[in-house]
Amino acid sequence: MQKRTLHSSMRNGLPMIALVAYWATLFALNGLRTDHLATGSIILILNYSGKWGRNFLKFFLPFFLTGVVYDSQRFYSDRIRGPIHIKEPYLFDKSHFGISTSQGVLTPNEWCQLHTHPALDLVTGFAYLVFILAFALICGYFIYQLRSRAKSLKEKTQLTERALQIPWAFFWLNLLGYSTYYWYAAAPPWYVAAYGFGPAQLEVSASSAGCIRFDQILGTHFFSEMYGRAADVFGAIPSLHVAYPLLAVYFAFQFKIARTFSVGFYLLMCFSAVYLNHHYILDILWGSSYALWVGWLTHQLYDSRLQAPKLSHPLPRLGTLRR
């Protein structure tokens with residue numbers, strides 16, 4: 001009994017130890033900010049606030065870990081990055097998706113910058129502002145809908161576990177995307193528009209590009225502050241802005257939930273990425289392929305691990321769930 005109590009105490013203390021070590025590391029690197037302290041404090045509150053808080057933390061843990069990995073890149077990105085591709089993505093889009101105009105053949109990005117509209121600036125800017133929140137809300141909605149369909153406590157637990165694979169798929173998708181930043185570093189279209197095809201300028205700060213029009217219309221500073229903290233300018237490939245919504249689309253069709261909304265949001269993000277001059281179509285295709293691959297692989301791994309037990313009401317297969 002005493003041994004079990006000691007083991008439980010050590011397990012309960014691990015989150016605090018890990019978080020303090022994380023804060024100490026950031027402090028030593030002169031990178032600790034108030035948002036690190038605030039987020040960590042919320043995590044501790046959730047972890048020690050009982051079953052409800054721990055369940056909530058279980059859902060958000062992959063998002064938090066993704067943020068940790070993303071933030072860490074500012075300390076090592078310039079040291080491990082391979083050759084930066086500036087001209088290649090531009091020429092790919094111009095060759096495969098170029099638009100003939102009186103000014104010559106333009107990339108879709110260049111064409112869009114000549115045809116902006118305040119209404120489009122607001123819609124696409126808002127989509128770019130909330131894309132991670134929208135993905136998290138879709139994940140939460142999946143869990144809510146699946147739990148509401150369960151006919152027993154065991155079935156509810158099984159379906160909840162199946163839905164929790166999506167936040168972890170999000171985490172693995174990001175790791176794959178971040179790794180690509182270094183073995184195929186690529187400049188975004190706004191960089192080419194501003195600096196051309198010359199040698200990569202590593203000291204350049206991330207730009208909000210077309211998103212600045214959203215801030216100008218509303219008199220806000222959302223995007224200037226957001227991109228002021230960007231970890232890597234040369235991480236245009238793959239486009240994770242479109243990869244997240246497509247990951248949601250994959251699971252929406254698996255669960256038969258919110259398919260129309262998920263597809264619509266994915267298409268909006270594809271258009272927004274190009275219209276706001278943040279990504280080429282190549283980046284979108286690359287990110288989309290990653291999303292489908294990670295979604296399929298995660299789904300297969302969870303299906304093999306979470307084999308449903310025989311219940312009085314058999315657990316429905318994901319492909320047979322109805323609205």
* Check whether any side-chain heavy atom of Y141 sits under 4.5 Å from a side-chain heavy atom of I257, and report yes or no. => yes
* Please confirm whether Y181 and Y178 have ring centers closer than 6.0 angstrom. => yes
* **Side-chain heavy-atom pair L246, L292 within 4.5 angstrom cut-off** => yes
* Asked: Aromatic ring centroids of W168 and F171 under 6.0 Å?
  -> yes
* To do: For residues Y191 and F234, establish whether the separation of their ring centroids is below 6.0 Å.
  => yes
* Asked: Tell me, do Q165 and H299 make a side-chain contact under 4.5 Å, heavy atoms counted?
  -> yes
* Asked: What distance do D215 atom CG and C211 atom SG have between them, rounded to the nearest 0.5 Å?
  -> 8.0 Å
* Taking side chain to side chain donor-acceptor pair (under 3.5 Å) as the test, write out the residues that go with D283, two or more places apart. => H279
* Using a 4.5 Å cut-off on heavy atoms from C-beta on, say whether the side chain of W190 contacts that of N109. => no
* Asked: Is the F214 ring parallel, tilted or perpendicular to the F223 ring (thresholds 30°, 60°)?
  -> perpendicular
* Quick one: are the ring centres of F170 and F135 less than 6.0 Å apart? -> yes
* Asked: Is it true that the side chains of T124 and Y128 contain a donor and an acceptor less than 3.5 Å apart?
  -> no
* For K87, check salt bridge (charged side-chain N to carboxylate O under 4.0 Å, His left out) against everything at least two apart and list the hits. => none
* salt bridge (charged side-chain N to carboxylate O under 4.0 Å, His left out) partners for D121, two or more places apart -> R213
* To do: Measure the spacing between OH of Y244 and CD1 of I166 and express it to the nearest 0.5 Å.
  => 15.0 Å
* Centroid-centroid distance, F142 to F251, less than 6.0 Å -> no
* Asked: Can you check whether P245 reaches M269 side chain to side chain, under 4.5 Å on heavy atoms?
  -> yes
* **Mutual orientation of the aromatic rings belonging to Y280 and Y90 [parallel < 30°, tilted 30-60°, perpendicular > 60°]** => perpendicular
* Asked: Is there a side-chain contact between M226 and L129 (heavy atoms, below 4.5 Å)?
  -> yes
Review item, side-chain donor-acceptor pairs of residues 197-207, under 3.5 Å, at least two apart:
residue: S207; atom: OG; partner: A209; partner atom: N; Å: 2.9

* Between S289 and W286, is there a donor-acceptor pair closer than 3.5 Å when you use the side chain of the first and the backbone of the second? -> yes
* Asked: Between F271 and Y275, how do the two ring planes meet: parallel, tilted or perpendicular, split at 30° and 60°?
  -> parallel
* Distance-only, no hydrogens or angles: does the T220 side chain make a donor-acceptor pair with backbone N or O of Q216 under 3.5 Å? -> no
* Who pairs with W111 by ring pair (Phe, Tyr, Trp, His ring centres under 6.0 Å), at least two apart in sequence or on another chain? -> H115
* Quick one: are V249 and F265 in side-chain contact, heavy atoms under 4.5 Å? -> no
Exercise answer: donor-acceptor pairs, residues 14-26 side-chain atoms, under 3.5 Å, sequence neighbours excluded:
residue: W23; atom: NE1; partner: H36; partner atom: O; Å: 3.1
residue: T25; atom: OG1; partner: A21; partner atom: O; Å: 2.8

* Asked: Less than 4.5 Å apart, any side-chain heavy atom of F64 and any of I43?
  -> yes
